[in-house]
2 protein chains.
Amino acid sequence: MTPPATASEAVPRDAPFEVISIRDLRVRCATCSMRELCLPVGLSPGELEQVDSAVASRRRLHKGDALYRAGEAFGALYAIRVGSLKTIVLAEDGREQVAGYHMLGDIIGLDGIGGERHGCDAIALEDAEVCVLPFERLEELARSVPALQHNLHRFIANEITRDHGVMLLLGSMRAEERVAAFLLSLSERYRQRGYSSTEFVLRMTREEIGSFLGLKLETVSRLFSRLQEAGIIRVGGRTIAINDLDALREVASGS
Amino acid sequence: MTPPATASEAVPRDAPFEVISIRDLRVRCATCSMRELCLPVGLSPGELEQVDSAVASRRRLHKGDALYRAGEAFGALYAIRVGSLKTIVLAEDGREQVAGYHMLGDIIGLDGIGGERHGCDAIALEDAEVCVLPFERLEELARSVPALQHNLHRFIANEITRDHGVMLLLGSMRAEERVAAFLLSLSERYRQRGYSSTEFVLRMTREEIGSFLGLKLETVSRLFSRLQEAGIIRVGGRTIAINDLDALREVASGS
DNA sequence: CGACTAGTTGAGGCCAGTCAATGTTGGTGG
DNA sequence: CCACCAACATTGACTGGCCTCAACTAGTCG
């Protein structure tokens, strides 16, 4: 389904320092910039080495590629190194909904844990790269490295907590509050990753944002415009600049 | 906060067979009717014994009691033996939403895993009894009993999958579809537990159901009435009888 | 350049919310 | 046992927020 990420993609043609390129291909948590947000946080160097040995490979995705699809056999978790993905849940009747928006440092695929199949689609919103963490190896390793087991559990809890937040948003917030809460959530997540919390680029279309928020794309567009008229944000296509974080918080909590 | 479940509650005054009563107090997975739906499913007798030794105690709850509250230190998972509970997520601004409805055989408290605190309130909807599964012991045991580790993961995945289903419901279904889907979900869960799938008693008020479904209580009431007029269900206060499961499925999927 | 996708904005309709009145149920105490 | 009360539930009338449908613009790609 997805074109295999061949080595030739990672190594520029005629690369003058092939040795370095090959070493880069080898995933090494110790030098990964996402180390502090990812699974190995807090592990000793020795333990880190063990995790390294469990990481099978990286996988590159082009915009629109599926990392996995609902119903596919579950075999691994994925740590996002570069780019962003959306997850989509599908109903039997064909209805679908964006369930999550995932960016670098996030671990995805947790919904497949313990079951045999993935429960949703994960689609790249832009070119992306993930570390493949074969789950059996991870489970095995977690048995001997309690800190890893604990981190794994923490990621799981985060996922559940995040989902609960979305349920609260979908179940009890009005459209304007949802949009504001969405922007605040993005702002906070970019901040945690060291990026600007007041200016960023949306990687989803209005329709995808609407699907995530339980709204129609026109409503999302209108509310962006309304927030802009109020001077709270500036919208330039997919670029969002937040002028007044506090005002946005107030909108999110229902003025 | 919750009155302690004393032994005197479990042992009738002047009980003629006190020894038996005391043995009943001791939790034993091997003889538990929920064995096949609960954490130890598929474990060998020896492994079962180990789980037994990890189960600290039971806890009894009266209607309205909190099993735990958001912000409380997380220390254990809970297996529901008798009765039912709701979980509630709370926003900073005081907004709250019913996030789940849990019945016997369910494991709750998973949102606290790995974190230090619970992320929601769990409130008994009727008198209930739970097995207390101290999480540290469980984590420890999971390291030596792969089947237990696997079951634990399966429960976690179920929780995430369930939450995704709720998000789909809240984000993309209309009111009538939500109510129908809610009844179908209850029907299915009662069926799995060996109860009637076509007649059951709701343990939640209209308001709680509404909160769970992202609707107002009046809307829930109206839609119950409408489904009754259509001959699909019969409503008698909190007793629901489903006349036509297929018709209900059709409503749930958007006629 | 035309076809296509993404986004914005407006007009109007409908679904679910709000407000309000009334009915029903269950628990408590006389 | 009944009276009373509070909580829960039903139903109606009206409102309004979001959806639907539609027109138009801007940017992209073959």
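Keep in mind that what you see is a predicted model, and the values were worked out from it rather than measured. Residue numbers start from 1 in every chain, and the chains themselves are labelled A, B, ... in the order their sequence lines are given, proteins ahead of strands. Scope of the values below: all heavy atoms of this structure, side chains included, with no hydrogens, waters or symmetry mates.
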- Query: C/dG7 P sits how many Å from A/L227 CG, rounded?
  - Reply: 17 Å
- Protein-nucleotide distance (A/L223, atom CG; C/dT8, atom P), rounded to Å: 11 Å
- Message: Any salt bridge linking A/E188 with A/R191? Criterion: basic side-chain nitrogen under 4.0 Å from a carboxylate oxygen.
- Response: yes
- Item | Between CG on residue A/L186 and CZ on residue A/R203, distance to nearest 0.5 Å | 11.5 Å
- Note on the structure: In whole angstroms, the gap separating P of C/dT9 from CZ of A/R226 amounts to 12 Å
- Query: What is the ring orientation for B/H118 with B/F74, classed by angle as parallel under 30°, tilted 30 to 60°, or perpendicular over 60°?
  - Reply: perpendicular
- Sub-4.5 Å side-chain heavy-atom contact between B/R222 and B/R226: no
- Task: Please state how far atom CZ in A/R178 lies from atom C1' in D/dG17, giving the value in whole angstrom units.
- Result: 11 Å
- Message: Applying the side-chain contact (heavy atoms from CB on, under 4.5 Å) criterion to B/L227, which one of B/I242, B/V179, B/D244 satisfies it?
- Response: B/V179
- Task: Mind calculating the distance between NZ (A/K216) and P (C/dA6) to the nearest angstrom?
- Result: 15 Å
- Query: NA contact type, A/G214, heavy-atom cut-off 4.0 Å: base, sugar-phosphate, or nothing?
  - Reply: sugar-phosphate
- Whole angstrom value for the distance that separates C1' of D/dC18 from CG of A/L170: 15 Å
- Are any of the side-chain heavy atoms of A/L215 and A/R178 separated by less than 4.5 Å? yes
- Query: Distance from B/Y101 atom OH to B/S84 atom OG, nearest 0.5 Å?
  - Reply: 4.0 Å
- Which word best sums up how the rings of A/Y190 and A/Y195 line up, parallel for under 30°, tilted for 30 to 60°, or perpendicular for over 60°? perpendicular
- Can you tell me the distance, in whole Å, between the CZ atom of A/R203 and the C1' atom of C/dG7? 17 Å
Pairwise N/O distances under 3.5 Å, protein to nucleotides 7-12 of chain D:
from   : atom 1 : to     : atom 2 : distance (Å)
D/dA9  : OP1    : B/R238 : NE     : 3.0
D/dA9  : OP2    : B/R206 : N      : 2.8
D/dT10 : OP1    : B/R206 : NH2    : 3.1
D/dT10 : OP2    : B/R206 : NE     : 2.7
D/dT10 : OP2    : B/R206 : NH2    : 3.4
D/dT10 : OP2    : B/S221 : OG     : 2.8
D/dT10 : O5'    : B/S221 : OG     : 3.2
D/dT11 : OP2    : B/S225 : OG     : 2.6
D/dG12 : N7     : B/R222 : NH1    : 2.8
D/dG12 : O6     : B/R222 : NH2    : 3.2

- Length of the CZ-P vector between A/R174 and C/dG17, whole Å: 12 Å
- Message: Between the opening five pairs and the closing five pairs of the helix from C/dC1-D/dG30 to C/dG30-D/dC1, how far apart are the helix axes, to 10°?
- Response: 40°
- Message: Taking atom CD as the centre, does B/Q228 end up with more than 12 heavy-atom neighbours from other residues, nucleotides or ligands that are less than 6.0 angstrom away?
- Response: yes
